[in-house]
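Quick caveat, the model's predicted, so the values are computed rather than measured. As the structure lists them, so they are numbered: ligands from 1, and atoms in each ligand from 1.
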Amino acid sequence: MALVTTTEMFKKAYDGGYAVGAFNVNNMEIVQGITEAAGELKSPVILQVSKGARAYANHTYLVKLVEAAVIENPEIPIALHLDHGDTFELCKSCIDGGFTSVMIDASSKSFEENIALTKQVVEYAHDHGVVVEAELGTLAGIEDEVVVEAGHESYTRPEEVEEFVSRTGCDSLAIAIGTSHGAYKFTAAQCTRNADGILVPPPLRFDVLEECIKRLPGFPIVLHGSSSVPQEFVKMVNQYGGNMPDAVGIPEEQLRKAATLAVCKINIDSDIRLAMTGNIRKYFAEHPDHFDPRQYLKPARQAVKDMVAHKIKYVLGSDGKA
Ligand code: G3H
Ligand code: 13P
Ligand code: ZN
């Protein structure tokens, strides 16, 4: 199977009450960990590349790594997506350069500017057989290199979604319902603490999601900032010399619930970073004499694979849906 767009994936996910995982890729080990898990579980998967990933690894290397994953996993649909494109030129470069899906994130602009830029990208993308994700509302964390502090995010206004989608022609819509980018999604003041002293975040705004679904029946919704920040990895990082106090993510059961609704794409990056960093720190602490990158990248890649397999089975519900 060649690289696919997300059109068919999202239709099946919407009808089947599950979501497709969109995982950020920056190097070979990450691509392999994600696609080995998806391949073994017969799950569709989206590999997404940010502007920062392109700057780090180079467009061509990333496209070729993803193409290699497609060859190695012929039985599953794989889409290659631009994450948080912030200009027409960046989207065009990815459309011209082999991506099957792009995000134009003009969510920090005014409603009218967001519509104008999104529409421009949609026209070019559709002419080239590529689909477009757009965004309304702002998440806390980092978007478009704009840092939005916790407490200054703004939820999507459901009364705007219909007009936005019909005027832009976008194929999916990312909305803000309380998720947030990064490993520190909420301040301690926004959370309560459980008996173990772990922060418990405020619940996602399912009322906002339900309102959007009512206004956009059958339309695929996307959730960014959906890492759960597994505490086992945070503990591992901290135990082996790291310092990540009060890192907290979105509880898995809330993401599972969103996946049964209209949410067809769930974005996960920070959990990959944590899985790799925790395991590399542990490896270095336990083998201070080792210096071959293959030795410490092997358990890191395996940790990515195990984490993605867990998401596919217990959070996304996409296993067996290839
Ligand atoms: O939403 C942002 C993603 O986690 C990508 O992060 O821009 O540091 O590659 P990045
Ligand atoms: P996390 O930081 O929660 O992994 O979110 C990733 C994301 O939304 C990428 O676009
Ligand atoms: Zn994002």
inquiry  = Can you tell me which portion of N267 lies within the under-4.0 Å heavy-atom range of ligand 1? Options are side chain, backbone, both, or neither.
reply    = neither
key: Options D269, N26, V49, ranked by nearest heavy atom to atom 5 (C) of ligand 1, top entry   = D269
query = Which is the closest N/O/S atom of H224 when seen from the Zn ion (ligand 3)?
reply = ND1
task = For H128, enumerate each residue passing the ring-ring contact (aromatic ring centres under 6.0 Å, His included) test, keeping only those at least two apart in sequence or located in another chain.
result = Y124
message = Under 3.5 Å, is there a donor on one side chain and an acceptor on the other for H290 and Y296?
response = no
request  = Find all atoms of ligand 1 within a distance of less than 4.0 Å from any non-hydrogen atom belonging to H84, and give their numbers and elements.
outcome  = 1 (O), 2 (C)
task = Report yes or no: do S227 and R273 form a side-chain donor-acceptor pair below 3.5 Å?
result = no
Nitrogen or oxygen contacts under 3.5 Å, ligand 2 side and protein side:
from: ligand 2; atom 1: 2 (O); to: G182; atom 2: N; distance (Å): 2.8
from: ligand 2; atom 1: 2 (O); to: S270; atom 2: OG; distance (Å): 2.7
from: ligand 2; atom 1: 3 (O); to: K185; atom 2: NZ; distance (Å): 2.5
from: ligand 2; atom 1: 3 (O); to: S226; atom 2: N; distance (Å): 3.1
from: ligand 2; atom 1: 3 (O); to: S227; atom 2: N; distance (Å): 2.9
from: ligand 2; atom 1: 4 (O); to: S227; atom 2: OG; distance (Å): 2.6
from: ligand 2; atom 1: 4 (O); to: D269; atom 2: N; distance (Å): 2.6
from: ligand 2; atom 1: 4 (O); to: S270; atom 2: N; distance (Å): 2.7
from: ligand 2; atom 1: 5 (O); to: G225; atom 2: N; distance (Å): 3.3
from: ligand 2; atom 1: 8 (O); to: H181; atom 2: NE2; distance (Å): 3.0
from: ligand 2; atom 1: 8 (O); to: H224; atom 2: ND1; distance (Å): 3.4
from: ligand 2; atom 1: 8 (O); to: G225; atom 2: N; distance (Å): 2.7
from: ligand 2; atom 1: 10 (O); to: D83; atom 2: OD1; distance (Å): 2.9
from: ligand 2; atom 1: 10 (O); to: D83; atom 2: OD2; distance (Å): 2.7
from: ligand 2; atom 1: 10 (O); to: H84; atom 2: NE2; distance (Å): 3.2
from: ligand 2; atom 1: 10 (O); to: H224; atom 2: ND1; distance (Å): 3.1
from: ligand 2; atom 1: 10 (O); to: N267; atom 2: ND2; distance (Å): 3.1

ask   = In terms of atom number and element, which parts of ligand 1 are under 4.0 angstrom from non-hydrogen atoms of N24?
value = 3 (C), 5 (C)
request  = For the residue pair D171 and H126, confirm or rule out a side-chain donor-acceptor distance under 3.5 Å.
outcome  = yes
task = Only one of L136, T168, D105 passes side chain to side chain contact (heavy atoms under 4.5 Å, CB included) with N114; say which it is.
result = L136
ask   = Can you name the ring-ring contact (aromatic ring centres under 6.0 Å, His included) partners of F233, sequence neighbours left out?
value = none
May I have the list of side-chain donor-acceptor pairs in residues 158-166 shorter than 3.5 Å, sequence neighbours left out?
from: E160; atom 1: OE2; to: R157; atom 2: NE; distance (Å): 3.0
from: E163; atom 1: OE2; to: R167; atom 2: NH1; distance (Å): 2.7
from: S166; atom 1: OG; to: E162; atom 2: O; distance (Å): 3.2
from: S166; atom 1: OG; to: E163; atom 2: O; distance (Å): 3.3

query = Is the closest side-chain heavy-atom distance between L261 and I213 below 4.5 Å?
reply = yes
inquiry  = Closer than 4.0 angstrom, basic N to acidic O: yes or no for K282 and E286?
reply    = yes
inquiry  = Could you identify the N, O or S atom of H181 positioned closest to the Zn ion (ligand 3)?
reply    = NE2
query = Would you call E211-K214 a salt bridge at under 4.0 Å N-O?
reply = yes
query = For ligand 1, is there an N or O atom under 3.5 Å from any N or O atom of H181?
reply = yes
remark   = Within 4.0 Å of some non-hydrogen atom of S50, the atoms of ligand 1 are 5 (C), 7 (O), 9 (O), 10 (P)
query = For atom 10 (P) of ligand 1, which candidate among Q48, R273, K51, R54 holds the nearest heavy atom?
reply = R273
